[in-house]
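Before any comments, here is the structure.
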Amino acid sequence: MNAKFLRVITKYQNFSFIRVANKTMITLFPVILIGAFSWTLSFCFANPVSLFGRIVSLNSWFPQAWFLRAILGDLFTVTSGTLALYGALISARETAILYKIKPLFAELFSVISYLLIFHHSLRGNQNAIEMRYYSAYWLIMGIVIGYVVGLIFAKFTVSKKDNDEELVDLARNSSRPIVISVVLALLLHILFALVRTYNLDQIAFQNITSFFSGHSSYWMSILVSIISTLLVWLGFAGTLEFNSSVFNNEAAANLNHYLLNKSYQKMPYPFTPASFFDAFAQIGGIGCTLALLIAILIISKKKRDKNIAIWSAVPVIFNANLPLALGIPVILNPLLLIPFVVTPIVNMLLGSLAIAIGMFPPLVFPTPVGTPGILRPLIASGGNWVSLLVMLLLLVIDVLIYMPFIKKMEQLEIQEGEK
Amino acid sequence: MKKYNRLFCIVAIFIIIFCFAFPGAIWAQKNAKRLQDQKNSPLAPIIMIPGSSATVNRFDRLVDRINRDDHQNHSLLKVKVFNDGHMTFAGSIRPNDNQPFIVVGFENNHDGYSNIKKQGRMFNQAFKALVRRYNFNHFSGIGHSNGGLIYTEFLENYYSGRNVRINRLMTIGSPYNFAETANRETQMLHDFRANRNRLPKNLIMYSVAGTENYVEDGLVPVSSVEAGKYIYQGVVKHYTQITVTGRLAQHSALPQNSEVLDLIQRYILRPER
């Protein structure tokens, strides 16, 4: 059983797309690391409404913090905020190299195609371009499109036997795939423009929020967690996007109920994902990646993984776990899928159990941005220390859950290396 | 050496976490106490009612413009009340947003006094549901055109002021005498005047009229809007009549008029600390 399982995994890892995706993600690690550090410094430190900003009363002694925040925010925008575009570039390059053609024009036209497909201006403002589809949230889309463009070039580039092609000759031999990729990108762009013209994306979003906000329950929290972790695992690598905003009403209602009635009884939304998912399921970001990090530091034998863990440590504390997700990688890694999805659910179950038996009160208070995931119940309960102890215990459990999967992963890599 | 590195990293992680934990817990306790000491609920939404034939989307541009001006990122929640009594909620309120905009629209959004009465009753249902859901104990109101009439109907016949208080009300282009001039009193104006003593005494009220010429705003005579004084003046705490002219002073364009937006920001929205 074991050997068959390992064979299946090895086959999966050898698919050309998976090989390209893994190489792309590892190449992008320095980019996302810079992005994650910028985000942490900008959003969690140089920000008067962050936890740090409020503790030290940032505005009273450093009112120019907004300038620092803006500059670092710009750095974040051009790194993580443009990650899908870089993904398209690298992915096309790796695909071309894999199929043994010169990658130069494949890379160039992969970027052009990706830019073209999602290019549109902001509603109501003709001069600004919507950057949403170029950001880390759509990373997998960038990798896929780069892969497709790479394949087009691999198939249609007229190959020459000698390797001393002049650049001009290369351009001429690449003319067919250039035309094909641009035409395809144009068609997709038109399709996308139609979606935008009829506001289909806004309608879809409104319908989804309507549905979710009407059905808060315990199982909804679990469902939100599963959807979020799966989306990140598939390569929609943005944090803090879909999750928080949809259930904000309920968090607000809970807080107001507690303040007006001075009691935790008859809370309007006792199981809202806004408090469960937000507080328990995000130790170090989606998928409880702080546990992954610590598990790697404890038992990993690979130098590369340890180094990535050490470099990613500070952002992961503040829930920016993308460097780790790209560096190991966690994204599209079948061996880490199970602990990634399961650890948040385990945390939510045990955390809600702790509340149910009265170890600490329900979490009604809002947590400022930049609160490390493990400290969120501490803040949201109004400073109750028992909640921190419970979270440390949950962290230990999560580390124990991750360990066997990491062992398996490295075992496989060593086996592959020996072959 | 290498083992040293890893252990050091783990210890460093926990040091950072605890460096945040202690001051964070102290801050959280202080913050909890501060919120509890406030008698008013922190949340005080601005509840808007659109005019006849308008939908819950009527105020989208208004909210957008206000957000661009004051950078407070007010949330927008839309409630639609259907004739059979059920309601849908679309949108959300951010947890730290204390002045969200809530729009209440109706399936039956037709003109006429009998419809105004029905809409007043439906607004009361939505209002009670909102108070139950969000537990606020004070709010402000904005009514455009018939929306202002619905608010008057609500305040006179349904609003009790015991648990939830209205702070300020602004009606924009509301025809208190429909399309008639002041010397021909409609049934609705007669009823509103008859029941004016039921209006809340500590309400601060602003009635905004638009004019394209000296007489009307393209739909509603100015004297009809000014007839509001027979209802509100002398009963509520302050009654202020404002006339707006110039660009976008036509009846349906008033919610986009820059003077009107300025008035909303000045008189309805409270400055956030």
Side-chain angles (χ1 to χ4, degrees), chain A residues 49 51-52 54-56 124 206-207 209-210 213-214 244-262 268-269 274 290 293-294 296-298 300 303 306-307 309-310 313-314 316-317 364-368 371-372 374-375 378-385 388 392, chain B residues 2-3 5-14 16-33 35-43 45 57 61 64-65 68 75 77-78 87-98 100 130-137 163:
Chain A
V49 298
L51 181 65
F52 175 77
R54 290 189 205 244
I55 291 177
V56 305
Q206 266 189 340
N207 281 333
T209 54
S210 253
S213 62
S244 343
S245 55
V246 177
F247 298 100
N248 286 344
N249 313 328
E250 306 174 354
N254 281 348
L255 175 62
N256 286 313
H257 173 92
Y258 172 71
L259 290 176
L260 278 181
N261 302 324
K262 308 279 190 259
Y269 297 105
L290 184 60
L293 193 111
I294 293 181
I296 289 179
L297 288 174
I298 294 180
S300 166
K303 187 158 187 251
K306 282 179 310 194
N307 281 337
I310 293 182
V314 170
V316 165
I317 294 179
V364 290
F365 294 100
T367 46
T371 309
I374 197 171
L375 296 179
L378 178 67
I379 308 288
S381 63
N384 185 310
W385 287 104
L388 182 59
L392 288 172
Chain B
K2 277 189 218 149
K3 209 166 177 184
N5 233 357
R6 290 194 281 162
L7 192 62
F8 177 68
C9 189
I10 297 184
V11 170
I13 290 178
F14 280 101
I16 295 180
I17 290 181
F18 279 103
C19 275
F20 269 80
F22 286 100
I26 295 177
W27 175 85
Q29 283 162 353
K30 268 200 308 193
N31 192 40
K33 185 155 194 316
L35 287 174
Q36 282 163 346
D37 284 343
Q38 288 175 347
K39 248 188 329 167
N40 275 333
S41 64
L43 178 67
N57 301 318
R61 274 197 282 168
D64 205 41
R65 290 273 308 273
R68 265 193 267 158
S75 321
L77 179 73
K78 300 178 187 175
M87 298 175 233
T88 56
F89 292 74
S92 73
I93 298 183
R94 284 181 304 115
N96 290 321
D97 187 358
N98 287 329
L130 284 168
V131 173
R132 250 195 329 260
R133 219 178 229 231
Y134 296 105
N135 275 304
F136 53 91
N137 63 10
N163 294 324

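Model, not experiment: these values are computed from the prediction. Chain A is the first sequence line, chain B the second, and so forth, proteins listed ahead of strands; every chain is numbered from 1.
What you find for B:G24 and A:L51 is that their closest heavy atoms are CA-CD1, 4.4 Å. Considering all non-hydrogen atoms of both residues, B:A21 and A:W385 come closest at O-CH2, 4.0 Å. Closest approach of A:G382 to B:A32, counting heavy atoms only: CA-CB, 4.4 Å.
Between A:L290 and B:I13, some side-chain heavy-atom pair lies under the 4.5 Å cut-off. Considering only heavy atoms from C-beta on, A:I294 comes within 4.5 Å of B:F14 through its side chain.
For A:L293, the part lying near chain B is the side chain, with the backbone staying farther off; criterion is any non-hydrogen pair under 4.5 Å. Only the side chain of B:I16 comes within less than 4.5 Å of a heavy atom of chain A; its backbone N, CA, C and O stay farther away. Interface residue B:F22: backbone and side-chain heavy atoms are both found under 4.5 Å from chain A. Residue contact with chain A, scored on non-hydrogen atoms closer than 4.5 Å, is absent for B:K30. Interface remark: A:S300 contributes backbone atoms only to the contact with chain B (heavy atom separation under 4.5 Å).
Among residues two or more places apart in sequence or in another chain, the side-chain hydrogen bond (donor to acceptor under 3.5 Å, both in side chains) test is passed with A:N307 by none. Taking B:N31 as the reference, B:R34 meet the side-chain hydrogen bond (donor to acceptor under 3.5 Å, both in side chains) condition, with sequence neighbours excluded.
Taking chain B as the reference chain and counting heavy-atom pairs below 4.5 Å, the highest number among A:I55, A:V49, A:T367 is found for A:I55.
The side chain to side chain contact (heavy atoms under 4.5 Å, CB included) test with B:F20 is passed by exactly one of A:I379, A:L375, A:L378, A:I374: A:L375.
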